[in-house]
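Step one of this worksheet: look at the structure below.
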Number of protein chains: 4
Amino acid sequence: MSYRPSPEEFGYTFGGRAPVAKVRPGTIVELFTEDCFGGRVRTVDDLPSQVCEFPYLNPVTGPFHVMGAEPGDTLALHFISITPARDWAVSTTFPHFGALTGTHTTAMLQPPLEERVWRYDLDTAKGVAVYHARNSDYSVELPLDPMHGTVGVAPAANEARMTITPDAHGGNMDTPELRAGVTVYLGVNVAGGLFSIGDGHGRQGHGEVCGTAVEAAMNTVVAVELIKGVATPWPRMEDDLHLMSTGSARPLEDAYRISQHDLVTWTSALTGLDTLDAYQLVSQGGQAPVGNVCDTNYTMVAKLPKSYLGTPAPYESAHSRLRALGAQYEG
Amino acid sequence: MSYRPSPEEFGYTFGGRAPVAKVRPGTIVELFTEDCFGGRVRTVDDLPSQVCEFPYLNPVTGPFHVMGAEPGDTLALHFISITPARDWAVSTTFPHFGALTGTHTTAMLQPPLEERVWRYDLDTAKGVAVYHARNSDYSVELPLDPMHGTVGVAPAANEARMTITPDAHGGNMDTPELRAGVTVYLGVNVAGGLFSIGDGHGRQGHGEVCGTAVEAAMNTVVAVELIKGVATPWPRMEDDLHLMSTGSARPLEDAYRISQHDLVTWTSALTGLDTLDAYQLVSQGGQAPVGNVCDTNYTMVAKLPKSYLGTPAPYESAHSRLRALGAQYEG
Amino acid sequence: MSYRPSPEEFGYTFGGRAPVAKVRPGTIVELFTEDCFGGRVRTVDDLPSQVCEFPYLNPVTGPFHVMGAEPGDTLALHFISITPARDWAVSTTFPHFGALTGTHTTAMLQPPLEERVWRYDLDTAKGVAVYHARNSDYSVELPLDPMHGTVGVAPAANEARMTITPDAHGGNMDTPELRAGVTVYLGVNVAGGLFSIGDGHGRQGHGEVCGTAVEAAMNTVVAVELIKGVATPWPRMEDDLHLMSTGSARPLEDAYRISQHDLVTWTSALTGLDTLDAYQLVSQGGQAPVGNVCDTNYTMVAKLPKSYLGTPAPYESAHSRLRALGAQYEG
Amino acid sequence: MSYRPSPEEFGYTFGGRAPVAKVRPGTIVELFTEDCFGGRVRTVDDLPSQVCEFPYLNPVTGPFHVMGAEPGDTLALHFISITPARDWAVSTTFPHFGALTGTHTTAMLQPPLEERVWRYDLDTAKGVAVYHARNSDYSVELPLDPMHGTVGVAPAANEARMTITPDAHGGNMDTPELRAGVTVYLGVNVAGGLFSIGDGHGRQGHGEVCGTAVEAAMNTVVAVELIKGVATPWPRMEDDLHLMSTGSARPLEDAYRISQHDLVTWTSALTGLDTLDAYQLVSQGGQAPVGNVCDTNYTMVAKLPKSYLGTPAPYESAHSRLRALGAQYEG
C-alpha cells in the first residue's frame with residue numbers, strides 16, 4: 001500500500017482525527033512525510049516564524065487504522081527504509097525554542113536568540129549532509145543517518161496531543177535510534193491504534209540542542225504488525241542487536257527514570273531475573289542515548305544488547321518476522 | 001441559570017467535547033460539581049483504585065459556551081460562592097501518586113505506599129473540616145476554606161487534555177487561591193471558550209503533597225464575563241487586594257518562572273514600569289503560593305498586592321464589576 | 001556578648017574556618033552583619049560586578065563555637081531582634097543570576113540581562129522600605145520585614161561550602177520566615193557547631209526572583225541554646241504558632257519533598273500518628289512558603305500550625321525558654 | 001614517579017587537604033586507587049551500610065601538587081592506562097541511593113530498596129567482567145571497559161567538597177568516557193591545582209542507574225601537563241577523535257545545558273564560527289553521553305568528532321604530546 005497525503009490531509013495532533021486509511025496487520029506501507037516546517041522553509045531567508053503558522057507545525061502522515069487493534073494490544077511498526085525525498089534539508093533556530101535559550105516554560109526575561117536558517121545539501125549516494133556556516137565559508141560533511149522524529153498512536157483517556165509533544169503514546173520523541181532496521185512497539189489505546197509518522201531528519205545530534213535537526217521530507221516504508229493481548233506501557237524499540245525502552249517527561253531525569261525502569265522490568269520479564277538482579281544487569285550493561293532536550297517533554301532511551309539476555313524473543317519474535325518481511329520487500 | 005449534570009454529562013477532558021449549555025456574558029451560573037472520585041469514595045473502605053475507573057477521574061461540569069467568545073479574547077469567571085454540597089469529604093493516598101512517592105513518571109522500583117482513605121466531617125456553620133486519624137483516636141478541626149482545584153477552557157491547537165492536567169488552558173491547577181471572591185481570567189482558544197469547573201476542595205494544604213485534598217462535591221455560583229480583544233497567555237486571578245499569575249509545568253522551578261514572568265510583564269503593562277523595574281518590584285513585593293506538586297504538571301501562583309501598583313484596573317475593571325454583580329446576587 | 005567583625009574577620013564559607021569566639025549555651029549574642037555585597041554597593045552607580053570580587057560575596061559573621069556542642073546535638077538559635085543598621089538598602093540584578101535569566105548552570109546562549117541597582121530608603125520607625133523605579137518616577141512603600149538570608153553551621157563530612165549555597169547545614173536559605181521571634185534548629189556536625197549569620201534583608205519577595213532582596217546590614221540579637229543528644233537532619237524553625245522544616249536542593253520539587261518529608265516525620269514523632277496519618281494531616285493543614293529560587297540550591301519551607309498537633313513541645317521546649325530569655329533581654 | 005597510599009592517606013574531599021606529593025609538569029605518575037567502598041565490600045555478604053562508615057566513602061588518591069600551577073591555568077591529565085588491581089569487583093544497591101529509588105533529596109515515604117551485593121569476576125586477559133545474578137543461576141560476560149569515576153582538583157572559593165560530588169572542579173563525574181587514551185583538562189583554582197583520582201570502574205552502564213558501577217581498585221598511569229594562562233570553566237576531555245565538555249548539576253537538563261553550552265563556545269573559539277553557527281554544528285553533529293544520574297549532581301558529557309572542526313589543536317596540542325609521551329612510556 002502506498003500513501004502520499006494531499007496538503008489538507010496532514011495531521012497536527014495524535015488523537016482527535018479520523019483515519020486516512022485502514023491497513024491489515026502484515027501490510028507494508030509506503031508513505032511520504034513532509035518536514036517539520038511543512039516544506040515552507042526552503043531558503044535561508046525563509047524564517048519559520050514568518051512562513052509557518054502555529055499550530056500547523058510538525059505535520060504527520062496518518063493516522064492509519066490497523067484492523068483488529070484494540071486497547072491492550074501492541075502495534076509493531078518496522079521501518080524498512082527511510083529515504084530523504086529531496087536533495088536538501090533545513091535547520092533553524094526558532095524564538096524561545098531549544099535547550100540553550102529561554103522558552104515559554106523555562107521563561108526568561110532576556111530577548112530571544114536570533115532566528116537563523118541553515119540549508120543542508122543531502123547526498124544519499126555519498127551518505128552525507130553538508131553543513132554550511134552562515135557567517136563564514138566553513139563547510140563540512142556530516143554522515144547521513146535518516147530517522148523519524150515523530151511516530152505514535154492516539155493517546156489514552158480521549159486525549160488529543162499536538163504532534164510536537166512526546167509522551168506515553170509516542171509522538172515527537174526525536175531519537176536518532178528510530179532509524180531504518182528498527183521495530184517500534186506502541187501500546188494501543190483506541191480501536192485501530194491510529195498510528196501516524198512524520199518529522200524526518202537527515203541526521204540529528206543528541207538532544208537536538210538548538211531545537212531542530214536536519215529537517216527533511218522522507219519516503220518511508222513501514223511494515224505493520226499487531227500483537228494481540230500484549231500491552232506496552234511506553235514506546236519500545238528493537239533492532240537486530242538491542243532492546244530499547246523510551247521515556248518522555250520533564251525534568252530530564254524523569255525521562256531517564258521511565259526508560260530505565262521500563263528496561264529493568266522488561267528485562268526481568270524476558271529473563272526471569274528478579275527485579276533487583278535485572279536492575280543490576282541494566283545498571284552495568286545499559287546505555288542511555290539522549291533523544292530530545294528541547295520539546296515539551298524530553299525523551300531518553302534505555303538500550304541493552306540482546307546478547308546479555310540469552311535469546312530473548314519479545315513480542316512473539318515480531319522483529320525477526322518483520323525483518324524478514326522487509327528483506328523480501330527490498331529484495 | 002442553574003445546571004446540575006446528570007451522571008453521563010460529566011466531562012473528563014478539556015477540549016474534544018460539545019458544550020452542555022450556552023451562556024451570555026453577564027450571566028450568573030449556579031452549578032453542581034462532583035468530587036474528584038465521582039462521589040464513589042464514601043467510606044474509609046472505598047479504595048479509589050477499586051471503586052474508580054481510569055480515565056473516569058476528576059469529573060468536571062461543563063463545558064459552557066460563552067456567546068461571542070473568540071480566540072484572542074479572555075473569559076472572566078468570578079466565583080461568587082463555593083459551598084460544600086454534603087456534610088462530608090474524603091481524602092486518600094493513591095498508588096504511584098503524590099509528591100512523596102514514586103510515580104509513573106518519577107519512576108521508582110519501590111512498591112507503592114499503602115492506599116488509605118480518610119473521611120472528613122464538614123461543618124459549614126462552624127467553618128471546619130474535621131480530620132480523623134485512621135490508626136489512632138487523634139482528631140483535629142481544620143479551617144474550612146472551599147476552593148476549586150479545576151477550572152479551564154478548551155486548549156489551543158486542537159488539543160484535548162485530561163482534566164487532571166494543568167497547563168496554559170487552566171485545568172487542574174489545584175491552588176487554594178481559587179476561592180470565592182476571586183475572578184479567574186482565561187484566554188479563549190476556541191469559539192465559545194468552553195469553560196468547565198470541578199474538583200472542589202473543602203480545604204487544601206500547599207502542594208497537595210499526598211496527591212489529594214479534602215475532596216468535596218460543591219454548589220458553586222459563578223458570574224461570567226467576556227473581555228473582547230484582550231489575550232491572556234496563562235490563567236490569571238484577581239481578588240480585592242491582589243493580582244495573581246499562574247504557571248503549570250515541570251520541573252517546579254519552571255512553574256515558578258512562568259508565573260513570575262507573567263506577573264512581571266503584567267505589572268509592566270499596568271504601570272508603565274520598564275521590564276527591569278517591574279522585575280525588581282515583583283522581586284521584593286511578590287508572593288509565590290504553591291499550587292500543586294503532585295499532578296502531571298506542577299502549579300505555582302505569583303501574587304502581588306494591587307496597592308503596590310497604584311490603582312490598576314486590569315481587564316477593563318472586570319473584577320470590580322463582577323464583584324458588584326455577585327453582591328447583588330447574594331444580596 | 002557583643003561582636004562586630006573587623007573587615008578581615010568576615011567569612012565566606014561554612015566550614016574550613018576557625019571560630020571567632022566561644023559562647024556558652026544560654027548566651028545572648030549581639031552581632032553586626034554586613035550586607036551581601038560587603039557594603040560596597042552604596043549608590044545606583046555601584047555595579048556589583050565592578051565593586052565586588054568573587055568569592056568575597058555574602059559575608060557572614062562568625063563562626064561561633066558553642067561550648068559542649070558535639071556531632072549529633074542540635075543548636076537552637078533564637079532571633080530576638082533583627083534591626084537594619086543603616087537607613088538604606090540596595091537590590092540589584094547581577095549577570096547570570098536570578099530565576100528569570102540564564103545562569104551558569106541553566107546555561108543559555110542569550111546575553112545576560114542588564115545589571116542595574118535599586119536603592120531603598122529604610123524607615124524603621126514607619127516600618128517601610130521605599131522602592132524607587134530607575135526609569136520612571138514611580139515610587140512605593142513596601143512593609144519592612146527584616147530577616148536573615150543566611151544562617152548555618154559547619155557542614156558534615158569535612159566540607160566547606162560557599163556562604164551562597166544552602167544545604168543540610170543551613171546556609172543561604174533566603175527564606176522570609178527567618179525573622180525575629182523565630183528559633184532556628186541546626187544539627188551539629190563538628191565540635192562547637194560553628195554557626196555563622198549574615199545576609200540581612202529589609203524584606204524579600206518569595207523566591208527572590210531577581211536574585212537579590214532588599215539587602216541590608218543588620219544589628220541582630222540571638223539567644224543560643226544547645227540540645228544535647230538530639231539530631232536534626234535539615235534546618236528547622238519554630239515560632240509561637242508554627243513548626244517549620246526546610247529543604248534545599250534542585251530541582252525545586254526536591255526542596256519541596258525534603259521539607260515536607262521532614263515535616264511529616266517530625267509530626268509523626270511529636271504526635272504518635274503513624275507515617276501515613278501524619279502525611280494526611282500535613283497534606284491538608286500544611287503550608288509551603290517558597291524560600292529562594294535563585295541560589296545554587298533552591299529552598300522551600302514546610303510549615304504547620306502547632307495547634308493542629310495538640311501541645312507539642314519539640315526540642316525540650318527550647319523555643320518557649322528562649323522566647324522568655326529574649327523577652328527578659330528586651331524588657 | 002610511583003605512589004601507593006597507605007590506608008590513612010586516602011582523601012574524602014576535594015579541597016581542604018595538604019598534597020601527598022609534588023610533581024613537575026611532564027611527569028608520569030603511577031598510582032593505585034582503592035574502590036569506592038575502600039575495599040571493604042569483598043563478598044556478597046558485606047553490606048556497604050554495615051562495613052563502610054560515612055563519610056569514609058569513595059576514597060581518592062592524592063592530592064598532587066603540580067609545580068607552577070596557579071589559578072587561571074589548566075591541568076592536563078592524560079590517562080595512559082587504567083588496569084584493575086584485582087580479579088574481582090563489586091556492585092551494590094545502597095539504601096536511598098540510585099536513580100530508581102527515593103533518596104535523601106528526592107525524599108519519599110516508601111521504605112528503601114533491599115541492599116544487595118553482586119561480585120564480578122574480572123578477566124583482563126579475556127577483557128570481560130562476569131555478572132552473576134543473586135537469585136538465579138544466570139550469568140553473563142560483559143566487556144571490560146576500565147575507567148575512573150572520580151578525578152578533580154581543589155575547588156574555587158575555598159570550598160572543600162565530598163569526593164562523591166561532581167561539580168566545576170571535576171569530582172565524581174562517573175562518565176565511562178574517562179578511560180585510557182583520554183586527556184582530561186581541569187581548570188586550576190588554587191596553587192598547585194591539587195588533583196586527585198579514584199573510584200575505578202571495571203565498566204559502567206550509562207547513568208549508573210543503581211548507584212554503583214563495577215567497582216574496582218585500579219593501577220593507573222597518568223601523564224601530567226600544565227597549560228599556563230589558559231582557563232577551563234568545566235572539566236573537558238579529549239581523545240584521538242573527539243572533543244568533550246562536561247556539565248554536572250541538577251536537574252539533568254542543566255548538566256546537559258552546561259556541557260552543550262561549553263562545547264558550543266569551545267567550538268566557536270577553535271573554529272572562528274560565530275556562536276549561532278557553532279550552535280548549529282554541535283546541534284547536528286554532537287553526541288551527549290550520559291555520565292551519572294545518581295550522584296549529588298548529575299553529569300552529562302557533550303562530545304564532538306574533531307574531524308568536523310578541521311584540525312583543531314586545543315590546549316597547545318597537549319593531547320598529542322601526552323599521547324606520544326604515553327606511547328613512549330608503554331613502549
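In what follows, chains are A, B, ... by sequence order, proteins preceding strands, each numbered from 1. Everything quoted here is computed from the prediction, not taken from an experiment.
- Interface remark: of the candidates C/L309, C/V282, C/D254, C/L309 forms the most heavy-atom pairs closer than 4.5 Å to chain B.
- A salt bridge links C/D277 with B/R116; the closest basic N to acidic carboxylate O contact falls under 4.0 Å.
- With chain B as the partner, the residue from C/G202, C/S283, C/G211 showing the most heavy-atom pairs under 4.5 Å is C/S283.
- Using a 4.5 Å cut-off between heavy atoms, B/R257 contacts chain C through both its backbone and its side chain.
- With a threshold of 4.5 angstrom between heavy atoms, B/Y131 approaches chain C through side-chain atoms but not through N, CA, C or O.
- Contacts of B/D274 with chain C are made by side-chain atoms alone, with heavy-atom separations under 4.5 Å and no backbone atom involved.
- Ionic pairing of B/E253 and C/R250 is not present here: no N-O contact between side-chain nitrogen and carboxylate oxygen is shorter than 4.0 angstrom.
- The side chain to side chain contact (heavy atoms under 4.5 Å, CB included) test applied to B/T175 returns B/M173, B/E177, B/L178, B/M237, B/V301, not counting sequence neighbours.
- Heavy-atom distances place the side chain of B/T93, and not its backbone, under 4.5 Å from chain C.
- Across B/C210, B/G286, B/P251, the residue that shares the most heavy-atom pairs under 4.5 angstrom with chain C is B/C210.
- Using a 4.5 Å cut-off between heavy atoms, B/L113 touches chain C through its side chain atoms alone.
- Heavy atoms of B/L273 lying under 4.5 Å from chain C belong exclusively to its side chain.
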